Amino acid sequence: MPTLREKVAEFLRQVSSGSERGCDVNSSCTSPTTGTFIQKYLNGESRKRQPEIFFGKSCYELPVKEISKLSDHEIAAFTGPSGGLIEVNRVQRAFQSSEPDVDFIDEDSMDSCNNIENVATDNQEVTTNGIHPNESIKHHDGNNQENTVQEHDFPEEEEYIAGVKNWNKPSSEAYGIATTLYECHPVTRENAGEPIADAFGVCLRENSAILVLADGVNWGEKSCLAARCAVHGCMDYLNKALYREGGKIETTLDIFICLLRSFHAAHNLILQEDGMLTTLCAAVLCQMKDSNKFIVCTCNVGDSLAYVYSKKYGVREITQGSHDIYSMRDMRDALGALGPVDGQNPELSNLTVAMTIVDPGDIVFLTSDGISDNFDPVVGKFALPKKTERTAPKATIEDTPEESKIQKQEILQRANSNGDEKHSPQAEITLPMVEAHQRHELTLLRMEDLLTNGVNEGDKPCETARQLCEQMIDFATKLTVAKRRILEDPELYKDNAAALNQLEQRRRRRKVGEKLAMVPGKLDHATVVSCKAGIQTLSPVTTLSNHRNSAI
């Protein structure tokens, strides 16, 4: 029996070629989604009942749960790509400018949580040592072609960096990958959109974990810097506040206050290092008091999202309260960001805190939109969006002049997003129409289908955090291969073969815009970081020499 991917690949081949076997109103061709989880869902088959997700704009809106004492016994730690968070904040300077507009972060928190020490003050001085030896690592792209990239070794640190001595300790239960889905220049062999503007970090301890992911808005060194600063500032604060000697982190409220303060620290570091804009998503996984269950507390701004994969319940999105699932979202809109959006102020209109209870063995994972958007059924050409007059809300701040609102919306637009929603006339006849909330549900079902059933018949369900990362990156890479092939056509580079600037790259995209719109996928930087819930006792088993955290 052909897999869903094989059925869709054949369908898209027929549609794009215009062959006689392509579907039209007089043909009996069957939609590629027939008999799949997509059609079953649209035919009324309900999803499994999911554990409750609590979310709000303030940590005081959520129920308070007691947690077990956090063990500081470190099991694994990893960051990327190309050094990740260790590449910034080598000498933290005093922050001289006025405070950013995030005063609400500490509002009313000091009286209720006097046990939390503010360990990420602006005047704190931290020194980190950075070494830049490179080694050549071979990777494989979706066409099974070898690519050689330069990857940073992780230095043997004697001092703590963001609360951890050694960030080169990935394990099968705490892992992350960042890659690029953009095309490779046929002459220079460089990928468009370099450097990768995403960053991640994960730190796993005996009964808890911290996961952080940032996605720099648009391309360039400043966006890359912003993402790394955000991950560093957030991770540094959380590692020190949650695990400091004598600290009393006893409830989820304590964790949420630390999470919100860590976003303040992340924003300050971006301004300090002169970075631009970035999304940020952070999750703290910890064991509940007198229970074998765990709870995940998240905070996010922008469109970087957090999920849980459970063999029992499937995939659910923890951060769903940060975006309107009943509106057709403009994928170019980052929704919110840290960094100097308005002067020195961030855009926090969609900042959301959330939590959900998970079972041992469940896998918590964070993604950039380069991963999550590629699971969208419309982006993947599995469905068509139902036309509606309702549009997604833009990121705004109340009581702001209209001109300022418009300016912020433009600043948060991703100039290089290409999640085209155009389809061929044949596709409009055969593909199902979906509403916004159905797109969201089908995105989760598609993730669940991949992690439960794999790619090929006989594949077993995903068992480890590393396996989850690899499967998701592999899926996004293969889904977007047709877009890369169109943009890697040597004919597009005859006029200015060596040009790598953004203007020239956008010109090439416009030239083949219709072709790009007809094939599935969204080209972007793609990042996923994950961790498995449970009491951890094993040491890391993977080192950089047999591991990749950046590909293509």
Side-chain angles (χ1 to χ4, degrees), residues 37-38 41 46-57 62 200 211-215 259 279-285 294-329 331 333-336 350-359 362-380 383 392-393 419 434-452 462 465 468-469 471-472 475-476 522 526-533:
F37 64 86
I38 297 178
Y41 169 78
S46 60
R47 290 196 69 201
K48 303 169 186 174
R49 184 176 177 85
Q50 301 286 318
E52 190 166 5
I53 296 170
F54 303 93
F55 60 86
K57 295 298 181 183
L62 308 185
F200 70 84
L211 302 91
V212 185
L213 183 147
D215 176 4
L259 276 167
T279 69
L280 183 61
C281 182
V284 176
L285 170 69
F294 285 71
I295 193 161
V296 188
C297 301
T298 68
C299 183
N300 77 305
V301 63
D303 55 6
S304 295
L305 308 175
Y307 303 86
V308 177
Y309 167 61
S310 164
K311 290 181 181 179
K312 183 177 180 181
Y313 298 111
V315 174
R316 63 189 185 273
E317 185 197 340
I318 312 171
T319 50
Q320 65 183 27
S322 65
H323 54 103
D324 184 359
I325 65 173
Y326 292 95
S327 289
M328 292 290 186
R329 185 174 80 82
M331 289 186 176
D333 190 349
L335 299 178
N350 88 316
L351 186 144
T352 306
V353 290
M355 70 180 187
T356 189
I357 295 173
V358 301
D359 294 318
D362 289 356
I363 302 176
V364 178
F365 62 101
L366 316 183
T367 73
S368 66
D369 64 322
I371 292 291
S372 57
D373 286 351
N374 274 307
F375 281 87
D376 184 292
V378 175
V379 174
V434 294
E435 297 179 3
H437 71 280
Q438 293 174 317
R439 286 180 70 171
H440 181 258
E441 287 292 302
L442 287 170
T443 298
L444 300 179
L445 283 169
R446 201 172 186 195
M447 289 180 177
E448 178 183 337
D449 182 69
L450 174 71
L451 299 175
T452 302
C462 178
L468 181 146
C469 292
Q471 285 185 334
M472 291 204 142
F475 177 90
K522 170 188 169 182
T527 301
V528 56
V529 59
S530 65
C531 181
K532 191 171 184 177

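Computed from a prediction, not measured in an experiment: that's the story for all the values here.
Residues Phe55 and Thr298 have side chains not in contact (no heavy-atom distance under 4.5 Å, counting atoms from C-beta outward). Proximity of Val353 to Leu259: side-chain heavy atoms (C-beta onward) are nowhere separated by under 4.5 Å. Using a 4.5 Å cut-off on side-chain heavy atoms (C-beta onward), Ile325 and His323 make contact. Taking 4.5 Å as the limit, some side-chain heavy atom of Leu351 sits within range of a side-chain heavy atom of Cys299. Two residues are said to be in side-chain contact when any heavy atoms from C-beta on lie closer than 4.5 Å; Tyr313 and Val308 fail this criterion. At a threshold of 4.5 Å between non-hydrogen side-chain atoms, the residues Phe294 and Asp362 do not count as touching. Looking at heavy atoms from C-beta onward, Ser530 lies in side-chain contact with Ile363 at the 4.5 angstrom threshold.
The main-chain N or O of Ser368 is never found under 3.5 Å from a side-chain atom of Thr527 such that the two would form a donor-acceptor pair. The backbone N or O of Gly370 sits less than 3.5 Å from a side-chain atom of Asn374, completing a donor-acceptor pair. A donor-acceptor contact shorter than 3.5 Å links the side chain of Thr279 to the backbone of Asp215. Judged by distance alone, with hydrogens and angles left aside, the side-chain atoms of Thr352 form no donor-acceptor pair with the main-chain N or O of Lys57 at under 3.5 Å.
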* To do: Report the C-alpha distance between Val358 and Arg316 in whole Å, list the side-chain angles of each, state the deciding distance to 0.1 Å, and finish with yes or no for side-chain contact (heavy atoms from CB on, under 4.5 Å).
  => CA-CA 11 Å; Val358 301; Arg316 63 189 185 273; 3.6 Å; yes
* Lys522 and Asp369: salt bridge (charged side-chain N to carboxylate O under 4.0 Å, His left out), yes or no, with the steps? -> CA-CA 9 Å; Lys522 170 188 169 182; Asp369 64 322; 2.7 Å; yes
* To do: Check the pair Phe375 / Leu450 against side-chain contact (heavy atoms from CB on, under 4.5 Å), numbers first and verdict last.
  => CA-CA 10 Å; Phe375 281 87; Leu450 174 71; 3.7 Å; yes
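Here the CZ-CE distance, from Phe365 to Met447, works out to 5.0 Å after rounding to the nearest 0.5 Å.
When only modelled atom types and interatomic distance are considered, Ser322 and Asn300 share a side-chain donor-acceptor pair under 3.5 Å.
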